[in-house]
Engineer: 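Pasting in a structure now, in structure tokens, and then I'll have a few things to ask.
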There are 2 protein chains.
Amino acid sequence: MAKANPARICPVAAFQKMISGKYKLRIVWDLKDGPRRYGEIRSGLLRGTEGSAEITPRVLSRELKALTQSGLIDRKDFGEVPPKVEYRLTRKGKSFVPVVAAIRDWGDRHLTETATLVDAAE
Amino acid sequence: MAKANPARICPVAAFQKMISGKYKLRIVWDLKDGPRRYGEIRSGLLRGTEGSAEITPRVLSRELKALTQSGLIDRKDFGEVPPKVEYRLTRKGKSFVPVVAAIRDWGDRHLTETATLVDAAE
DNA sequence: CAGCATCCTGCGTGATACTG
DNA sequence: CAGTATCACGCAGGATGCTG
């Protein structure tokens, strides 16, 4: 705890900041099975997104960059000519997967359909 | 692996939607110890928020309303004169606490201080 | 294929003032 | 005390078009 900061930052707040954006969590989840190319990630994100407008490169690019900066994923650029780039989880990213799993798990049980009010009765 | 659903909404997306907003997660966390009044929640949120501008009533009110609609918390209005309102976790909300705990836990280990790039090296 | 450059828009968040 | 009402603004996020 060599953190003599005036106001310790809340881990939850930091988390929210880190995964802010519609796709970050899903990207991490997608990468849990191994490295994926830019296009693969893009296609993968289309499934499961109801109305699903195509995710624009600008947005995806941004998310990937942010995730890279957060240290969750790693960008591997294979030489040149037809561009090929792979993204994969870093150690930190892998350690994060269980958390996403917990989120998915909970979401599966309490969200995704009827939910919202069902067991709020208590 | 009951995964036979057709146009299923992604649980992760649903989760993100549900906890969108800077304070929702922290509110839930705050309420894990028991019911709290509006003002208490408000004060509680100030601690830990670095630059921390006072959270405006408008925002807090909105978050609380959203959480109520999500079925995570419950609003209990004691009669009238001087207004007293308590918020507490519903069953669903309580079931959500462990998830937040996981998030906090992970955040404590990988965020909150230097982080960001430290072990991205791998 | 894997992006970047520009423009545009909605909404989340904050500031400020008022009320039952 | 526990909110609501208005105004204002930055930024996430989508649409299009271009490139090495």
Engineer: Tell me every residue that passes side chain to side chain contact (heavy atoms under 4.5 Å, CB included) with A/Arg36, counting only those two or more places apart in sequence or in another chain.
Structural biologist: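 Only A/Asp30, A/Leu31, A/Glu40, A/Ile41 meet the side chain to side chain contact (heavy atoms under 4.5 Å, CB included) criterion with A/Arg36.
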
Engineer: When the distance from NZ of A/Lys17 to P of D/dG10 is rounded to whole Å, what number comes out?
Structural biologist: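 So the NZ-P distance, A/Lys17 to D/dG10, works out to 17 Å.
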
Engineer: For A/Asp77 and C/dA2, what is the distance between atoms CG and P respectively, to the nearest whole Å?
Structural biologist: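 Rounding to the nearest Å, CG of A/Asp77 and P of C/dA2 are 10 Å apart.
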
Engineer: B/Leu60 has an atom CG; how far is it from atom C1' of C/dA15, in whole Å?
Structural biologist: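 It is 16 Å, rounded to the nearest whole Å.
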
Engineer: Please determine if A/Arg42 and A/Glu54 form a salt bridge, counting it only when a charged side-chain N lies under 4.0 Å from a carboxylate O.
Structural biologist: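 The answer is yes: the pair qualifies as a salt bridge.
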
Engineer: Rounding to an integer number of Å, can you tell me how far B/Ile73 CD1 sits from D/dA2 C1'?
Structural biologist: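 In whole Å, D/dA2 C1' and B/Ile73 CD1 are 14 Å from each other.
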
Engineer: Side-chain N or O of A/Lys65 less than 4.0 angstrom from OP1 or OP2 on C/dG3?
Structural biologist: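 A/Lys65 to C/dG3 OP1/OP2: no side-chain N or O under 4.0 Å.
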
Engineer: Write down the distance between OH (B/Tyr38) and C1' (C/dG20), rounded to a whole number of angstrom.
Structural biologist: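 From B/Tyr38 OH to C/dG20 C1': 15 Å.
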
Engineer: Taking the basic N atoms (NZ, or NE/NH1/NH2) and the acidic carboxylate oxygens, is any pair closer than 4.0 Å for B/Glu86 and B/Lys76?
Structural biologist: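 B/Lys76 and B/Glu86: not salt-bridged.
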
Engineer: Between the opening five pairs and the closing five pairs of the helix from C/dC1-D/dG20 to C/dG20-D/dC1, how far apart are the helix axes, to 10°?
Structural biologist: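 It comes to 60° between the two terminal axes.
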
Engineer: Could you give the NZ-to-P distance, from A/Lys84 to C/dC1, as a whole number of Å?
Structural biologist: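 Distance check: A/Lys84 NZ to C/dC1 P gives 13 Å.
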
Engineer: To the nearest Å, give me how far apart CZ (A/Arg42) and P (C/dA2) are.
Structural biologist: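 Distance, rounded to whole Å: 10 Å.
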
Engineer: Rounding to an integer number of Å, can you tell me how far B/Leu67 CG sits from C/dG12 P?
Structural biologist: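 In whole Å, C/dG12 P lies 14 Å from B/Leu67 CG.
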
Engineer: Does D/dG3 have its OP1 or OP2 closer than 4.0 Å to a side-chain nitrogen or oxygen of B/Tyr87?
Structural biologist: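 Result: yes.
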
Engineer: Specify whether B/Tyr87 and B/Tyr38 have parallel, tilted or perpendicular ring planes, treating 30° as the upper limit for parallel and 60° as the lower limit for perpendicular.
Structural biologist: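 Ring orientation of B/Tyr87 relative to B/Tyr38: tilted.
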
Engineer: Just by modelled atom types, is the B/Val12 backbone N or O under 3.5 Å from a matching donor or acceptor in the A/Arg26 side chain?
Structural biologist: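 The answer is no, because no donor-acceptor pair under 3.5 Å joins these two groups.
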
Engineer: Is there a donor-acceptor contact under 3.5 Å from the side chain of B/Ser95 to the main chain of B/Lys92?
Structural biologist: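 Looks like yes, one N/O pair under 3.5 Å.
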
Engineer: State which residue, out of B/Asp74, B/Ile19, B/Ile27, B/Leu25, fulfils the side-chain contact (heavy atoms from CB on, under 4.5 Å) condition with B/Leu67.
Structural biologist: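 Filter result, single survivor: B/Ile27.
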
Engineer: B/Val85 vs B/Phe78, test: side chain to side chain contact (heavy atoms under 4.5 Å, CB included). Steps then yes/no.
Structural biologist: CA-CA 6 Å; B/Val85 180; B/Phe78 292 69; 6.0 Å; no

Engineer: Compute the ring centroids of B/Phe96 and A/Trp106, then answer whether they are less than 6.0 Å apart.
Structural biologist: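 Aromatic pair counts; centres sit under 6.0 Å.
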
Engineer: Tell me, for nucleotides 11-20 of chain D in 5' to 3' order, what letter each nucleotide earns: B for a base near a protein heavy atom under 4.0 Å, S for only sugar-phosphate near one, - for neither?
Structural biologist: -SBBB----B

